[in-house]
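This report refers to the structure that appears directly beneath it.
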Number of protein chains: 2
Amino acid sequence: MPAADQPQAPPERRPYIRDTEENRREALIEAMQDLVAEGGPQAATVRAIAARAGVTPGLIRHYFGSKDELVRASYTALMDGMTDHGAAALAQAGEDPAERLAVFVASSLRPPVLDPRAAGLWAGYLHRVQGDPALLSQHETSYLRYRDRLQDLIEALSRDRTPGQSRREAIACNAVIDGLWLEGSVLGERFAPGELVRIGLRSVGAIIGVDLMQYGTAVPELGPEGKAP
Amino acid sequence: MPAADQPQAPPERRPYIRDTEENRREALIEAMQDLVAEGGPQAATVRAIAARAGVTPGLIRHYFGSKDELVRASYTALMDGMTDHGAAALAQAGEDPAERLAVFVASSLRPPVLDPRAAGLWAGYLHRVQGDPALLSQHETSYLRYRDRLQDLIEALSRDRTPGQSRREAIACNAVIDGLWLEGSVLGERFAPGELVRIGLRSVGAIIGVDLMQYGTAVPELGPEGKAP
DNA sequence: GCGGGAATTATGCAACCGTATAATCCAACT
DNA sequence: AGTTGGATTATACGGTTGCATAATTCCCGC
């Protein structure tokens, strides 16, 4: 073989493309979330993240300082996204307190909140949440915000109750929703499409002593069979 | 400085210690679980696992063939341990169906089942569960076994119900327990010691329409107020 | 038009990962 | 007592990781 001396095209430098800071941060966060959701934390390497975001790894350091910082930002984005979605669903609900509660519960038990990707992503971050005080307080804030909203909706039902009761009920309702969300996300195909929403409404209703099933039709696409596209 | 020519003790080989296959497998699995629980999946490297188990990394390959195989065995051990614990608690319960259900529920919501370590461990495996068909079927089996036991306990209450009702109730009760277990494990210090057990009993009772709170004293260490240090 | 400087890319590095393979040890069998 | 073979340890290797630094590119105020 002759020596490696052929013209050998220069390794063609990646084109320089400039973009706004916001776009770059979003792209990196989304890329990281995709990778963690698909292949677990181990798949989210700086090179893979940068490749999916369409940039070179150096930008992670440039915009976030370190990979750990990107992880924190990514977790915050995940939590905010989920709570925001619940609030949005609530915004376009009626006046009836029971109906509002039903809509809120149902929105947490169907896509895009109920999603294998989200569950895997959440689990992928959990150990960091436990170890990092900043992330732990972040989790606590998000959790309490969700639970407090739930408690407000419950208290709006204006039934007679003791002070501690609504707290216990909110904790319990939050737990049912979390549990259904989790198992539904992991074993999604084991449940019929609208089944988890119905079970959630029935259980929450049983815990607080109000019938929420009558609002089952108020939640979209849950008519006779509920086969979403 | 003189040349590096001092007697320089030979790098002292690790003493050869022989042990049974069972002990070695257990030690490796336990070491892996400790590491995943403490520092997430990324902390469980073959070298760290072997070091904690008091052996050299080669033994992992010798006994499990590969690290992935050790992960599978470790996950199986975790799941079996949790379900076994529930069964054990049930074994030393009375005859009253409601009491048996109460004991079963309560045992899942207090240590050692309710444990930050277990939750972190479980989360650390989740993404592998979603990706690995063998682990997914393993998870499904464990989940259904637990849920079916719950359903049996519910049906033993001999109330009148429709066929699908007990399934829905079992799914719902399982979800409450899972949700309480999860949040209690992550935010353990946010809840009073016996609080989660009480909420669990009250919620499960509400869902199936039976009062389980009267058995609150049947579960250990839950007397008048239950304020632990 | 033309420097200055931030944004982006490219390169290099030390550490670590999982695994394959070789070397060593010791108990049990003959 | 000698030998054989599984259990255990040690070493080596290719690949990957996160990060630091150097080299480019091009927008923007002058």
Side-chain angles (χ1 to χ4, degrees), chain A residues 8-29 31-32 35-36 38-75 124-125 127-128 131-132, chain B residues 8-29 31-32 35-36 38-75 124-125 127-128 131-132:
Chain A
Q8 197 169 6
E12 46 178 301
R13 189 184 181 88
R14 164 188 280 263
Y16 183 97
I17 300 177
R18 203 186 180 100
D19 206 336
T20 61
E21 171 166 349
E22 190 187 358
N23 282 349
R24 286 276 127 101
R25 294 187 104 100
E26 283 180 7
L28 286 171
I29 288 177
M32 150 143 262
L35 286 167
V36 173
E38 290 171 11
Q42 55 164 328
T45 69
V46 288
R47 287 169 176 81
I49 295 168
R52 179 166 300 217
V55 297
T56 44
L59 277 200
I60 291 177
R61 173 175 160 85
H62 185 258
Y63 279 116
F64 293 93
S66 77
K67 186 190 169 186
D68 274 342
E69 208 65 38
L70 173 56
V71 170
R72 289 194 188 87
S74 173
Y75 181 73
Y125 289 142
H127 93 271
R128 289 192 189 250
D132 184 335
Chain B
Q8 199 172 4
E12 45 179 302
R13 188 185 182 87
R14 163 189 281 263
Y16 184 98
I17 301 177
R18 201 185 181 101
D19 205 335
T20 62
E21 171 166 350
E22 189 185 359
N23 283 349
R24 285 275 127 103
R25 296 188 102 100
E26 282 180 7
L28 286 171
I29 288 177
M32 151 143 255
L35 287 167
V36 173
E38 289 172 11
Q42 55 165 326
T45 70
V46 289
R47 286 170 175 82
I49 296 168
R52 180 166 298 218
V55 297
T56 44
L59 277 199
I60 291 177
R61 173 175 161 85
H62 185 258
Y63 279 116
F64 293 93
S66 76
K67 186 192 170 186
D68 273 342
E69 208 65 39
L70 171 57
V71 170
R72 289 195 188 86
S74 174
Y75 181 74
Y125 289 143
H127 93 271
R128 288 193 189 249
D132 186 333

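As the structure is a prediction and not an experimental result, all values here were calculated from the model. In what follows, chains are A, B, ... by sequence order, proteins preceding strands, each numbered from 1.
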Original post:
Does the side chain of B:H127 come within less than 4.5 Å of A:P41's, by heavy atoms?
Top reply: yes

**OP:** Would you indicate, yes or no, if C:dT8 has its OP1 or OP2 atom less than 4.0 angstrom from a side-chain nitrogen or oxygen of A:R24?
**Re:** yes

Original post:
Between A:R25 and A:E22, is the closest basic N to carboxylate O distance under 4.0 Å?
Top reply: no

Subject >> Nearest-nucleotide pick for A:V55, side chain only, options being C:dT9, C:dT8, C:dA23 >> reply: C:dT9

**OP:** Identify which nucleotide among D:dC27, C:dT9, D:dG18 has an atom closest to any side-chain atom of A:R13, counting heavy atoms from C-beta outward.
**Re:** C:dT9

Subject >> Closest nucleotide among D:dA7, C:dA7, D:dA10 to the B:T56 side chain >> reply: D:dA10

Original post:
D:dT9 P sits how many Å from B:I17 CD1, rounded?
Top reply: 7 Å

Subject >> Rounded distance in Å - CG (A:D19) to C1' (C:dT8) >> reply: 12 Å

**OP:** Give the nucleotide from the list C:dT8, D:dT9, D:dT17 with an atom nearest to the side chain of B:R14.
**Re:** D:dT9

**OP:** Mind calculating the distance between OH (A:Y63) and C1' (C:dA7) to the nearest angstrom?
**Re:** 6 Å

Original post:
Under the side-chain contact (heavy atoms from CB on, under 4.5 Å) criterion, do B:F64 and B:I29 qualify, and how do the steps go?
Top reply: CA-CA 10 Å; B:F64 293 93; B:I29 288 177; 4.1 Å; yes

Original post:
Should the pair B:R72-B:E69 be classified as a salt bridge under the 4.0 Å nitrogen-to-oxygen rule?
Top reply: yes

**OP:** For B:N23 and D:dA7, give me the distance from atom CG to atom P, rounded to whole Å.
**Re:** 14 Å

Original post:
How long is the line joining CZ of A:R25 and P of C:dT8, in whole Å?
Top reply: 12 Å

Subject >> Proximity to the side chain of A:R18 - top-ranked nucleotide from C:dG18, D:dT8, C:dA7 >> reply: C:dA7

**OP:** Quickly work out the A:R47 CZ to D:dG18 C1' distance and round it to whole Å.
**Re:** 7 Å

**OP:** Look at the side-chain N and O atoms of B:Y16 and state whether any lies under 4.0 Å from the OP1 or OP2 oxygen of D:dA10.
**Re:** no

Subject >> Nearest-angstrom distance from the residue atom CG of A:L59 to P of C:dA10 >> reply: 11 Å

Original post:
Rounding to a whole Å, what distance do you find between A:I49:CD1 and D:dC19:P?
Top reply: 10 Å

**OP:** Tell me which of A:T45 and A:G65 sits closer to the 5' end of DNA chain D, going by the nucleotide each one is nearest to.
**Re:** A:T45

Original post:
Looking at A:A44 and A:K67, what are the two nearest heavy atoms and their distance?
Top reply: O-NZ, 2.8 Å

